[in-house]
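See below for the structure under consideration.
In this text the structure is predicted, and so the values were computed from the model without any measurement.
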Amino acid sequence: GWGHMIRKPPRVGESLPWHQDEAYWDPAFDYVALGCWMPLDPATLESGCMSFIPGSHRGDVAVHRHVGDDPNVHGLYAQGIDASTAVAVPIAPGGAIFHHCRILHSSRPNRSNHVRRAYANEWQRPPVPRTTPAHRPWIEEGKRAWDSRAGKPPGPQG
C-alpha cells in the first residue's frame, strides 16, 4: 500500500481529469486494489469533491493520455469518457470513500474560499504477472520521457 496528501487551494487550478488509478501502473501485471480517499476539509461540490462513474470498474483500463499530451507530465486523463452517469460524492472531513482501482473518477476545481485537503491511500494484493502485458502506450511514453531527462538539470534548458 501507499498514500499521499492532496491539497487543492481555493480558486486555483483546474479539474482533476477522469482517470483510473490502474492506468498508472505496470501493464505487465494484473491488480486487485482498493483506494481510499479521506477529506480533511469539507469536500463539497464547490470545493471539488470526488465524482465517480458507477460500474466503470467492470471494464478494462480505458485508453489514457498524458495531460496536455505531454509525456513529461505525470497526470493522465481517460479518452472518450461518457460522464453523463457520473455521481458527485460530497463528504465531511474525516469521512472516507473507498473505490476500485479501475473505477473512473475525477474532481472539479476548488471554487470555494477554503483549501480542500485530503489523504489518499491505496492497498493492493500482490500483483500477478500477465502472460502478455496490457497495451498501454502512455506508460511507455512516460518512461521514454523520464529516461530522456536522466542526468539533466530541471528547467527549460534541461
Minimum-distance pair of heavy atoms, taken over all atoms of Ile91 and Ala96: CD1-N, 3.2 Å
Minimum heavy-atom separation for Ala92 to Pro39, with atom names? O-CG, 3.4 Å
Do the side chain of Tyr119 and the main chain of Cys36 share a donor and acceptor less than 3.5 angstrom apart? no
Do the non-hydrogen side-chain atoms of Thr44 and Cys49 ever get within less than 4.5 Å of each other? no
Give the C-alpha distance, both sets of side-chain angles, the deciding distance and a yes or no for side-chain contact (heavy atoms from CB on, under 4.5 Å) between His99 and Leu34. CA-CA 6 Å; His99 63 275; Leu34 176 71; 5.9 Å; no
Restricting to non-hydrogen atoms, name the atom on Gln20 and the atom on Ala62 that form the minimum distance, rounded to 0.1 Å. OE1-N, 2.7 Å
Looking only at atom types and distance, does a side-chain atom of Gln79 sit under 3.5 Å from a main-chain N or O of Arg65, one as donor and one as acceptor? no
Within a strict 4.5 Å, meaning less than it, do heavy atoms of the Ser112 and Glu46 side chains meet? yes
Euclidean distance, Asp21 CG relative to Gln124 CD, rounded to 0.5 Å: 9.5 Å
His66 side chain vs Val73 backbone, donor-acceptor pair below 3.5 Å: yes
Quickly, which of Arg116, Arg117, Arg7, Lys8 forms a side chain to side chain donor-acceptor pair (under 3.5 Å) with Asp41? Name it, please. Arg117
Can you confirm whether the side chains of Arg11 and Asn113 place a donor and an acceptor under 3.5 Å from each other? yes
Run the salt bridge (charged side-chain N to carboxylate O under 4.0 Å, His left out) test against Arg108 and tell me which residues pass, sequence neighbours left out. none
Hey, quick one: are Trp18 and Ile103 part of the same hydrophobic cluster, counting side-chain heavy atoms closer than 4.5 Å, chains of contacts allowed? no
Within 6.0 angstrom of His135 NE2, more than 12 heavy atoms from elsewhere: no
Assign the ring pair His100 / His57 to parallel, tilted or perpendicular, where the plane angle (0 to 90°) is split at 30° and 60°. tilted
Is a side-chain N or O of Ser15 found less than 3.5 angstrom from the main chain of Pro17, in a donor-acceptor match? no
Would you say Leu16 ends up clustered with Ile6 if hydrophobic residues are merged whenever their side chains have heavy atoms under 4.5 Å apart, either directly or through other cluster members? no
Heavy-atom count check: over 12 atoms from other residues, nucleotides or ligands less than 6.0 Å from Trp146 CH2? no
Can I get a per-line list of side-chain donor-acceptor pairs under 3.5 Å for residues 127-134, giving both atom names and the distance, sequence neighbours left out?
residue: Arg130; atom: NE; partner: Asp30; partner atom: OD1; Å: 2.9
residue: Arg130; atom: NH2; partner: Asp30; partner atom: OD1; Å: 3.0

Joint cluster assignment, Tyr24 & Trp37, ILVMFWY side-chain distance < 4.5 Å: no
Can Trp25 be reached from Leu76 by stepping across I, L, V, M, F, W or Y side chains whose heavy atoms are under 4.5 Å apart? yes
Do side-chain atoms of Ser56 reach the backbone of Leu104 as a donor and acceptor pair under 3.5 angstrom? yes
Regarding His105 and His19, is there a side-chain donor-to-acceptor distance under 3.5 Å anywhere? yes
Is the shortest side-chain heavy-atom distance between Met38 and Ile97 below 4.5 Å? no
Please check if the side chain of Ser51 supplies one atom and the backbone of Ser106 the other of a donor-acceptor pair under 3.5 Å. no
Is any side-chain N of the basic residue among Glu22 and Arg136 closer than 4.0 Å to the acidic one's carboxylate O? yes
Below 4.5 Å, heavy atoms only, C-beta onward: do Pro42 and Ser47 meet side chain to side chain? no
Same hydrophobic cluster for Ile81 and Tyr77, using side-chain heavy-atom links shorter than 4.5 Å among ILVMFWY? no
Give the intermediate values and the outcome of side-chain contact (heavy atoms from CB on, under 4.5 Å) for residues Val89 and Phe52. CA-CA 8 Å; Val89 185; Phe52 299 88; 3.8 Å; yes
